[in-house]
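Numbering starts at 1 and runs along the sequence shown. Everything numeric here is computed off the predicted structure, so don't read it as measured data. All values below come from the heavy atoms of this structure, side chains included, with hydrogens, waters and symmetry mates left out.
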Amino acid sequence: MTSMRRPVLIFLLAVAALSCSRPSSQEPFVTREKAEYGDTYNFTLPMDDSTRSYSLAFYTRLERKPLVPFSTDSVILEVKFVSPSDSVVQDKVVMRFGHPSDSSYYSRDFVFRYKDRLEVGEYGDWRLKVRVPGNPEELRGMGIIFRRK
């Protein structure tokens, strides 16, 4: 192989390897209509890399009808993590709707930082179940922002 082709081949192999890597962030959103039991939002968290930590935030959109005020200023999130071996870790937090990240007359978007550093002792695909008791009608669904650091 000539000396000119070798750097090109190495470059192409490096580009191919990088293009196969998993994205560093996921932002899935589950609509209210697709929630389990009408109030539980399910996600999968691929936490299979022991050399990385992760962060997790929740996001949602509130929508209202014309001339009707937004009726809630917060919701309770019952958070359940299920490990690959079916161990369960639960938490309960309040998602406050104080400062929207975006808004219009009919809707407001909110982001709630849950954990900036989420570390696990068991690696693999974790299931995340987020239950919103009372699931207010104006809540359009629930999403997560899951990042690998």
Can you tell me how far apart [atom1] ([X]) and [atom2] ([Y]) are? Round to the nearest 0.5 Å.
X: Arg117; Y: Ser55; atom1: CZ; atom2: OG; answer: 10.5 Å
X: Asp49; Y: Arg148; atom1: CG; atom2: CZ; answer: 8.5 Å
X: Lys80; Y: Asp91; atom1: NZ; atom2: CG; answer: 13.0 Å
X: Leu128; Y: Thr40; atom1: CG; atom2: OG1; answer: 11.0 Å
X: Asp39; Y: Arg131; atom1: CG; atom2: CZ; answer: 4.5 Å
X: Leu139; Y: Glu63; atom1: CG; atom2: CD; answer: 10.0 Å

Taking C-beta and beyond as the side chain, do [X] and [Y] meet within less than 4.5 Å on heavy atoms?
X: Leu77; Y: Met142; result: yes
X: Glu27; Y: Arg147; result: yes
X: Leu45; Y: Val120; result: no
X: Ile145; Y: Leu56; result: no
X: Asn42; Y: Arg127; result: no
X: Phe97; Y: Val75; result: yes
X: Val30; Y: Glu36; result: no

For [X] and [Y], work out which heavy atoms get closest and say how close.
X: Val79; Y: Tyr114; answer: CG1-OH, 4.2 Å
X: Asp125; Y: Pro84; answer: O-CG, 3.6 Å
X: Tyr123; Y: Asp48; answer: CB-CA, 3.9 Å
X: Gln26; Y: Thr44; answer: OE1-O, 3.8 Å
X: Arg108; Y: Pro100; answer: CB-CB, 4.2 Å
X: Pro136; Y: Arg32; answer: O-NH1, 2.7 Å

Discussion item. Is there a path of hydrophobic side-chain contacts, each under 4.5 Å between heavy atoms, that joins Leu118 and Val82?
Written reply: no
Practice prompt. State yes or no: do Val93 and Phe81 share one hydrophobic cluster built from I, L, V, M, F, W and Y residues joined by side-chain heavy-atom distances below 4.5 Å, directly or via other members?
Written response: yes
Worksheet item: Ignoring hydrogens and geometry, is there a side-chain-to-backbone donor-acceptor pair from Tyr105 to Leu67 under 3.5 Å?
Response: yes
Discussion item. Could you check whether any side-chain N or O of Ser101 sits under 3.5 Å from a backbone N or O of Asp109, counting only pairs where one atom can act as donor and the other as acceptor?
Written reply: yes
Worksheet item: Would you find more than 12 non-hydrogen atoms of other residues, nucleotides or ligands less than 6.0 Å from Lys149 atom NZ?
Response: yes
Worksheet item: Should we say atom CD of Glu137 is surrounded by more than 12 heavy atoms from elsewhere, each under 6.0 Å from it?
Response: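 Counting other residues, nucleotides and ligands, CD of Glu137 stays at 12 neighbours or fewer.
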Restricting to ring-ring contact (aromatic ring centres under 6.0 Å, His included), what partner residues turn up for [X], sequence neighbours left out?
X: Tyr41; result: none
X: Phe29; result: Tyr59
X: Phe43; result: none

Fill in: Distance-only donor-acceptor check, side chains Glu138 and Ser71, under 3.5 Å
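There is such a pair (donor and acceptor under 3.5 Å, judged by atom type) between the side chains of Glu138 and Ser71.
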Fill in: Residues Glu33 and Arg140 bridged, charged N to O under 4.0 Å
yes
Worksheet item: Angle class for the Tyr54/Phe146 ring planes (parallel below 30°, perpendicular above 60°, tilted otherwise)?
Response: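 Ring orientation of Tyr54 relative to Phe146: parallel.
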Practice prompt. Would you please test Glu122 and Ser87 for side chain to side chain donor-acceptor pair (under 3.5 Å) and show each step?
Written response: CA-CA 10 Å; Glu122 185 177 343; Ser87 299; 4.7 Å; no
